[in-house]
Each structure stands twice: as C-alpha cells, then as structure tokens.
Amino acid sequence: MSTSAGATSSMSANLPTGQPSRYRWVVMSTIFAAYVVCMADRANIGAVLPFIKEEFHIDNFTIGAISSFFFLGYAVSQIPAGLIMGKKGTRAVVSVAILAFSLVTLAMGFTTGAVMLLALRLLLGLTEGPAPVGMTSTVNAWFPPREKGTATGLYIASTQFAPIIVPAIVIGLAQAHGWRWVFIWFSIPGFIMAAVWWFIVRNRPEQSKHVNAAELAHIYDTSEDPTKKKVTFRPIPWLDKVIRLRDADTLDTNGKVLKSWNIWGDTLAYFFMNNVNYGLLTWVPLYLVQARGMNLSGVAFIAAAPAVGGLIGSMLGGVVSDRLFHGRRKPTMLITAFFAAVMIVIVINAPDNIPAIAVSLVATGFFLNIGWPMFTAYPMGLTNNKTYPFAISLINSGGNLGGFFAPIIVGLLLDSSGGNYSVAFSYFAVVLVLALLVIFTLVEARPKATEHAVGAK
C-alpha cells in the first residue's frame, strides 16, 4: 500500500474531530515566493536587453536567441526531473535547483559577450527546469481536489508578480550601476529560498510535524462526518456537452501518460500559449521603445502592464474554475485562448497614447492568464500523485518550447519586415487560435467522487 493510501485508510478508521491546521497554506506561500524568484531570474533579461543590444551591437535575431536559449534548457531538463521526483520526491530536487540557477544568475553578471550570455541562458534553463515540476507536484500532493485550481492559480500568479516589479528594479539598477549588476543582485534571493524550501516543505503532508490529523483528512478528502460526503461537482448540461465531459480512467502508469492524447493535446495547447506569454515578456519592452517611442523610464512601468492583468487573471481563474465551474478546467482554458487572441488584435491597433496602450496590455495579460493555471491543473484530474510529476514534466517541456521558438520567430519577423511589430505580433493571434482548436479536442475528466448524503436516493 502506498504512503498516501495508508494515511487515508488510517484517517478513515479514526476520523479526526479537532480543528485542522492550515500548514498547506504556509507551503503554498513558500511555493509562491520561490517561483517569484524563479521568474525574476528569467524575466530580468527582457528589461536589460536594450542595454545589452547597445553594448554588444547585436541584431533582433540574436536578441531573440538570448531569450530563447533559456527555454531550450528549461524544456530539456524537466522530463528527467519529473521521473526522478516521481520516485524520490520534490524536496531535495527543488532546493538544489534553486541553488543551482542562482549560481548561474550570479555568473551572468560577469558576461563579456553575446555568446557567453547565450550559453549561460541555456544553463539557467537547465538548472531552473526541475523547479516548476517540483512546485506543481507539491501543489498536487498538498491540496484536495476542490482546492487544486485555487492553489494552482496562486502558483501561476507568482509568475506574473515578478514581471510587475522586475522591469523598474532592473532598469533602475542598470542605469545606476550597469546591467551586469542586475544579475549579481538578483542571485541573492535564490540562495535564501533554497534554504527556506528545504526547511519548510516536505514531499508529502503526512511527513510534516506541522500538519495535524484533521488537515490530513481535509487534504485527502476524507470526511470528518461519516454521514456525509463533500459535494464538489454539479452537472452543467450545456457546458458539459461543449467541453466533452467524460468518465476517464486514471493514468496510473507513465506508459499510459505517454499514450494519452489529453496529455499531448494539453502540451500542444500549452506550447501555443507559451509562444504568446514569453514572446510578450521578451519583446514588450523593446516594442514600447521602438514602435511606440517611449523612453526607458516610461517603459519600466508600462512593460509591467501585462503582468498586472496576468496577476489578477491567474488568481481569479483558479477560483472561477474551482467554484463557478465546480472543478472543470477546460472552460477557463477556452476563455483564455479566445479572448487573448482578441486582445492581441486590439493591442496592434491601439491608438498611440500611453493610457490606451497600458489598458490594452493589462487586458491582454488578464485574458491570457485567467485560464493559464488550468493547463497545469488539467492533468491533475487524469493522473495520480505517482504519475503527475511525469505528466506535468511532459507538458512543461513541450509547452515551454514555445518560449524557445517565439522570441526567435518574432525577431526574424521583425528583421524581415523592417521592424514592423504589427506583423510580428499577428503571429501571436494565429497561435492563440490554434490553441483554441486544440483545447476543444480534449476530454474534461469527470471527478471520481461526487457529493451526496450517505443513504440519500
């Protein structure tokens, strides 16, 4: 019997009656803070690129490559990390990953040329890749089904919080001390978070002395009242038809994960979404300077606009999925692909004034991220704790290749079109439509348990 099954069986036999601890939210706070550090170390490149371009005299293709090479390493390292975590757990792997990518960030402060920077960005991706696999697997292990969407939304919100604060900090540091000092200072929080993760987070909640029996019962969805079961899912006939709600067998082996179109379809859709998310993260600062004629001080704030909308969207999206759609993941995924495509068209055609540009970028970030957490939460309904790390490593690896290709493709489109951002950004609208079509093909897995009073007819 597995550890989790044994814990659940024990709790069922001796149901706790005390007030549950809430240590899972301490773990969630640690995940949030740790991933803010991850995102800051990868996102700082966007705001520092104007300084690098000026010093190294490089073209748009090379700029895109500097951003993209991170995602190549990021994609390559995640599947091995997922296999290791499925067997050994997440605690040690995530701590080592945070320490390693912080050392690489520090090394970037001593860059002497574009080639060296490309190599270090690749190494940054290789060392950071295990972190998101471990963090999402921790969410999956520490939260009951009815809270997974909300918890995943908070996790994704951390990816948007960093880009809000990073541009202003980066530009301020670069202007005051030179762009290399950005990487030196940004490495310090990672060294701290590596230790914090090790001391606070455990592979499973039953391994923590801070989690009582009542919280374990809550996490494993074991009812404290033997006469009732928890209701977390209600039929919505018209919506269930649109999203293809089905009973789905659990993907309880890695072989089944590899054969599942739902996993590969989620991966492909996530690939298209990451084209847009990381393409914008890389190119919006230069877009504001080159296409909209803003100075660097203005860019520091307006470049954060998509992340402001994204922070709100990702936090709201998890709650909407859990509460409004009762655990369904596809509705917000469809919403995000459709309305983000609409907003990209609006951004391209926005009038040339700062308020209009800022509002359109905020709205783009909001719609791009309201369904973003569900690409991570979706496989939680198809897998178990043993196979989820491998499934999410596949999804993250394939999906984040979008972050590798997008900056390069946009750079090529800009070079070939004479710097026409309308042409380059139209690429984002096209891939969002493709994502929408793929999402429609996925099955929405019906939750295995529904709530009703025991003995009710």
Side-chain angles (χ1 to χ4, degrees), residues 25 28-29 31-32 35-36 39 132 135-136 138-140 143-164 232-234 236 239-240 242-243 245 265-267 269-278 280-281 304-344 361-382 392 395-396 399-400 402 428 432 435-436 438-440 442 444-445 447:
W25 295 108
M28 185 69 246
S29 299
I31 292 170
F32 186 96
Y35 212 53
V36 166
M39 280 301 300
M135 291 174 188
T136 52
T138 301
V139 169
N140 192 43
F143 287 86
R146 64 188 179 280
E147 292 177 355
K148 289 184 191 292
T150 300
T152 306
L154 290 171
Y155 159 75
I156 296 298
S158 68
T159 70
Q160 301 304 309
F161 181 75
I164 292 174
T232 59
F233 189 82
R234 298 172 186 168
I236 309 176
L239 180 61
D240 291 342
V242 170
I243 64 175
L245 184 73
D266 189 34
T267 302
Y270 197 42
F271 168 84
F272 291 135
M273 298 299 299
N274 271 314
N275 267 263
V276 182
N277 190 47
Y278 292 117
L280 289 176
L281 188 65
V308 172
L311 178 67
I312 299 169
S314 56
M315 294 180 70
L316 181 63
V319 175
V320 167
S321 179
D322 277 345
R323 299 187 181 181
L324 181 61
F325 295 123
H326 304 291
R328 293 165 178 84
R329 307 311 181 192
K330 278 183 61 177
T332 51
M333 293 164 71
L334 293 167
I335 289 170
T336 215
F338 177 77
F339 284 103
V342 172
M343 287 311 308
I344 288 293
L361 288 174
V362 168
T364 300
F366 175 84
F367 285 114
L368 186 60
N369 282 274
I370 193 169
W372 197 274
M374 298 310 107
F375 291 91
T376 298
Y378 173 77
M380 293 178 183
L382 298 168
I392 196 60
I395 293 165
N396 275 344
N400 279 288
F428 295 146
L432 284 166
L436 181 69
V438 172
I439 294 166
F440 270 118
L442 304 181
E444 179 79 50

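Considering every non-hydrogen atom in both Ala435 and Ala269, the closest pair reads CB-O, 4.0 Å. The shortest non-hydrogen separation linking Ile439 to Leu334 is CG2-CD2, 3.3 Å. Minimum heavy-atom separation, Pro132 to Tyr155: CB-OH, 3.3 Å. In plain terms, the two heavy atoms of Pro379 and Ile395 that are nearest each other are CG-CD1, 3.5 Å. Between Lys148 and Asn140, the closest heavy-atom pair is NZ-O, 2.6 Å. The minimum heavy-atom distance linking Asn369 with Gly365 is given by the pair ND2-O, 2.9 Å.
Proximity of Thr152 to Phe143: side-chain heavy atoms (C-beta onward) are nowhere separated by under 4.5 Å. Within the 4.5 Å cutoff, the side chain of Asn277 has heavy atoms near those of the Trp372 side chain. Counting heavy atoms from C-beta outward, Ile344 and Leu280 have side chains that approach closer than 4.5 Å. Side-chain contact between Leu432 and Phe272 is absent, with no heavy-atom pair separated by less than 4.5 Å. Side-chain contact between Asp240 and Glu444: absent, with no pair of heavy atoms (C-beta onward) separated by less than 4.5 Å. Phe440 is listed as a side-chain neighbour of Val242, based on a closest heavy-atom distance under 4.5 Å. The side-chain heavy atoms of Met374 and Pro331, taken from C-beta on, include no pair separated by under 4.5 Å. In this structure, the side chains of Tyr270 and Asn396 come closer than 4.5 Å at one or more pairs of heavy atoms.
The distance from the CD1 atom of Ile31 to the CE atom of Met135 is 7.5 Å, given to the nearest 0.5 Å. To the nearest 0.5 Å, atoms OH (Tyr35) and OG1 (Thr136) are separated by 8.5 Å. Note that CD1 of Ile156 is 4.5 Å distant from OG1 of Thr376, once rounded to the nearest 0.5 Å. Atom-to-atom distance recorded for Leu324:CG and Thr332:OG1 is 10.0 Å, nearest 0.5 angstrom. A distance of 7.0 Å separates CE in Met28 from OG in Ser158, rounded to the nearest 0.5 Å. Residue Asp266 holds its CG atom at 6.5 Å from CZ of Phe375, rounded to the nearest 0.5 Å.
Counting only distance, with no hydrogens or angles, the side chain of Ser321 and the backbone of Gly317 share no donor-acceptor pair below 3.5 Å. Panel note: side chain Ser314, backbone Ile370; no donor-acceptor pair is recorded below 3.5 Å. Of the possible donor and acceptor atoms, one in the side chain of Lys330 sits under 3.5 Å from a partner among the backbone N and O of Leu442.
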Run Ile392 and Met380 through side chain to side chain contact (heavy atoms under 4.5 Å, CB included) and show every step you take.
CA-CA 9 Å; Ile392 196 60; Met380 293 178 183; over 6 Å; no
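The 12-atom threshold is not exceeded at CE of Met315, counting heavy atoms of other residues, nucleotides or ligands nearer than 6.0 Å.
Screening Arg146, Arg328, Arg329 for a salt bridge (Lys or Arg N to Asp or Glu O under 4.0 Å) with Asp322, the sole residue that qualifies is Arg329.
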